[in-house]
**Student:** 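This is the structure I want to talk about, given as structure tokens.
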Number of protein chains: 4
Amino acid sequence: MDGFQKRKEQKKRNILEAAQQLFMTYGVQKVSIAEIAKKANVSQVTIYNYFENKHSLINEVFIYYVDEALKEFETTVFSDVPFPEKIKKMIFSKKRVANEIHHEFYEYLMKEYSNDGNYIERIYEEKAVPYFTHLFNEGKEEGYLNPELSHEAILFYLKMLSEYIQREDVYRHILPLTEDITRIFFYGIMGQD
Amino acid sequence: MDGFQKRKEQKKRNILEAAQQLFMTYGVQKVSIAEIAKKANVSQVTIYNYFENKHSLINEVFIYYVDEALKEFETTVFSDVPFPEKIKKMIFSKKRVANEIHHEFYEYLMKEYSNDGNYIERIYEEKAVPYFTHLFNEGKEEGYLNPELSHEAILFYLKMLSEYIQREDVYRHILPLTEDITRIFFYGIMGQD
Amino acid sequence: MDGFQKRKEQKKRNILEAAQQLFMTYGVQKVSIAEIAKKANVSQVTIYNYFENKHSLINEVFIYYVDEALKEFETTVFSDVPFPEKIKKMIFSKKRVANEIHHEFYEYLMKEYSNDGNYIERIYEEKAVPYFTHLFNEGKEEGYLNPELSHEAILFYLKMLSEYIQREDVYRHILPLTEDITRIFFYGIMGQD
Amino acid sequence: MDGFQKRKEQKKRNILEAAQQLFMTYGVQKVSIAEIAKKANVSQVTIYNYFENKHSLINEVFIYYVDEALKEFETTVFSDVPFPEKIKKMIFSKKRVANEIHHEFYEYLMKEYSNDGNYIERIYEEKAVPYFTHLFNEGKEEGYLNPELSHEAILFYLKMLSEYIQREDVYRHILPLTEDITRIFFYGIMGQD
DNA sequence: AATGAATGAGGGTTCATTCAT
DNA sequence: GATGAATGAACCCTCATTCAT
């Protein structure tokens, strides 16, 4: 890729990142193309040179986002730390992790253009699920996971937790509860005697 | 309250309910005043006669909604069923329960008009928290709750679970996992021997 | 129809007429909603309150236009003047006559929304054609029309002539030719001896 | 002209022809510079290297078009067929002939940039009119033309007919009427006894 | 109190045209 | 000379809100 292409890619990435930030802060619908253009320091039309329309942009932001999250997730899963640490990291990492798909994006795509969502979902199944399987098997071998539990149920909790914690309004409130939340995840509200 | 007032109240309630339904189906931003007016069989201006502006309407819908949820919650807490049943009901009831505040409403109010949210929050604290305390004490007495856990942490899980499950897209996928999810909530992913 | 309705109708007519004039002067595409609004002394949105979108407006202008032309045409056909006079009037009347459908309108509707055109065409066939038949029969009886000629061919000339003459740029140039043009229509370029 | 110049000329012609085709199919206004560039396989800027702006391009396309038509016209006029055949050919040739100037082009130039039109008109007068004179004299000599008729009036009919028939929507409908239309042109609607 | 009518502000999108390489 | 990238202006249309009855 020559310098020309490179700069183009860079600009596209700028737009994507500006859009991503704004989308996450204000929601997809509230953000206008004009705002994104301003934040990315380009004209509105430039955005249209890179993306067919707003929906395309949203879609690409979404893919960009999921890709980045997947990478981070992979790193965590194959890192050299004990199982509980991995779990903790996945739950509380304020950085986005793969098992979490921001709610509004998802709903938006699902509702408005239901077919596109499937594409995302497919990628997700193909890439993320194997990582989870790996992780859960590790957990079981080390005795941290009740082998009778279905992967789906555990996954459900993980997704829910990390997605929920991702939310600004939530995150602020639960920082002091970190320990207890982890405990509940591992031992339940009943705890162990 | 005379018949006049009564009819007036009724009309207001019509508007609130029309708005609520539309908000929940399409999201707050996607719903226009015109649509609400149509669904409530009134003119747009009539809505402005009852509510200062769209935000006021959203706010009142929100309050209306929380009130209804609180009532339902109260019924559950003081009902004559075992503790685990109550928990299950709170988590999986597809009907709205008080510990759950619909995501988009909440975010909307928080983000756009952060002061108003406090009002809601205050009501919430004053009414809902005591119910929770009652519930959790009952749980502890009956040995279902690890007394070392903070109420906040348990509450966090409850809210998260019920809110998350409320989502259409989630609900469909986790019905078969009901048992496991409850189990994790009570005993954690590690389970008990 | 009460005064309320009446004023509404009047306003709609204002918009239609403003639009019609602009369309005829500058062509359908060159005219913006803003211009029409300005000329009709209303806001842009008011136009959208009366017409679904620009295409709807064009369509209604078109119908309005055809209707008026039909009325005028009817008057001419059943008026108490000799056949050649009627023909002359139909050809040279700078006012629009029914056998003429402005080119750009027609092309626009045909090209962009080909189904709508059929509706117009149907009305046209049902209403205009009988008038023409009446006129042509009169012409034949009085010996002004070669009975061997098909109605279609004569109609073709009539439409063509009046539509063509309607054009500003053409009209200016052919005023002095009126007599000859009529002559050619009746007797052809060969003339009669 | 060296090979360099030649290639340059070729490129310019490519652009002109691409533009002409698009203009005739979709109308002048509907065609964007981007589309022309795509069809001519050049960049948008290249078009601006050859033509000052869109209007210049339209203008040159127009001239290009008239030139081609003139050539064709010349061929017809001086061809070795009887007068009536020439006339028929000029009227019904679906190929463009010189006495016809495509409506939209003409209107566009006349309306938007009325001064330029004169230039075209001048060329037209200087080149086309002599051909017509030649043709009409031939017609008179052979007894096909009423010598009392002004050339202008006959020309008017010719232009009108060929231009009108050029229109897609018209052409389809009048094919079966060819004979009658010619007859009317020669003998009028009254016919001859 | 209720409504039909009207509107200013703003959103997404397109286009002719220019900049920079 | 040729191009990819960038843009200001304009267009169609929507929406929360107000006016006038």
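In what follows, chains carry the letters A, B, and so on, assigned in the order in which the sequence lines appear, proteins first and then strands, with residues in each chain numbered from 1.
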**Student:** Check L57(A) against I36(A) and note the closest heavy-atom contact, atom names and distance.
**Tutor:** CD2-CD1, 3.7 Å

**Student:** Under 4.0 Å, heavy atoms only, any strand: does K12(C) hit a base, just the sugar-phosphate, or nothing?
**Tutor:** nothing

**Student:** Pull out every residue in residues 31-38 of chain D that has a heavy atom closer than 4.0 Å to any atom of DNA chain F, ordered by number, or say none.
**Tutor:** none

**Student:** Treat a base pair as Watson-Crick or G-U wobble with both distances under 3.5 Å, then lay out DNA chain E in dot-bracket form, 5' to 3', with | for cross-strand pairs.
**Tutor:** .||||||||||||||||||||

**Student:** How would you list, by chain and number, every residue that makes a side-chain hydrogen bond (donor to acceptor under 3.5 Å, both in side chains) with K39(B), sequence neighbours excluded?
**Tutor:** Q21(B)

**Student:** In chain order, what residues pass the side-chain hydrogen bond (donor to acceptor under 3.5 Å, both in side chains) check against E52(D), with sequence neighbours excluded?
**Tutor:** none

**Student:** Rounded to whole angstroms, how far apart are NZ on K54(C) and C1' on dC13(F)?
**Tutor:** 12 Å

**Student:** Identify all side-chain donor-acceptor contacts of residues 41-50 of chain B below 3.5 Å with residues at least two apart in sequence or on another chain.
**Tutor:**
unit_1	atom_1	unit_2	atom_2	d
S43(B)	OG	V45(B)	N	3.1
S43(B)	OG	T46(B)	N	3.3
S43(B)	OG	T46(B)	OG1	3.4

**Student:** Please report the distance, rounded to the nearest Å, between CD in Q10(D) and P in dG1(F).
**Tutor:** 18 Å

**Student:** Provide, to the nearest angstrom, the distance between the CD atom belonging to Q29(A) and the C1' atom belonging to dG10(E).
**Tutor:** 16 Å

**Student:** Taking CG from L57(B) and C1' from dC15(F), how many angstroms apart are they, rounded to a whole number?
**Tutor:** 14 Å

**Student:** Which nucleotide in the list dG8(F), dT7(E), dG4(E) gets nearest to the side chain of V42(C)?
**Tutor:** dT7(E)

**Student:** Residues two or more places apart in sequence or in another chain: which of them pass side-chain hydrogen bond (donor to acceptor under 3.5 Å, both in side chains) with N14(C)?
**Tutor:** Q10(C)

**Student:** What are the residues of residues 44-53 of chain D, sorted by number, that bring a heavy atom to within less than 4.0 Å of DNA chain E?
**Tutor:** Q44(D), V45(D), Y48(D), N53(D)

**Student:** Salt bridge (charged side-chain N to carboxylate O under 4.0 Å, His left out): which pairs involve residues 11-27 of chain B, sequence neighbours left out?
**Tutor:** K12(B)-E60(B)

**Student:** Can you give me the closest heavy-atom contact between I33(D) and K54(D), atom names plus distance?
**Tutor:** CD1-CG, 3.9 Å

**Student:** For K30(B) and E35(B), work out which heavy atoms get closest and say how close.
**Tutor:** O-OE1, 3.5 Å

**Student:** Just so I know, are the side chains of F51(C) and V61(C) near enough to count as touching, which here means a heavy-atom distance under 4.5 Å?
**Tutor:** no

**Student:** Give a yes/no answer on whether the side chain of K11(A) brings an N or O atom under 4.0 Å of OP1 or OP2 in dG4(F).
**Tutor:** no

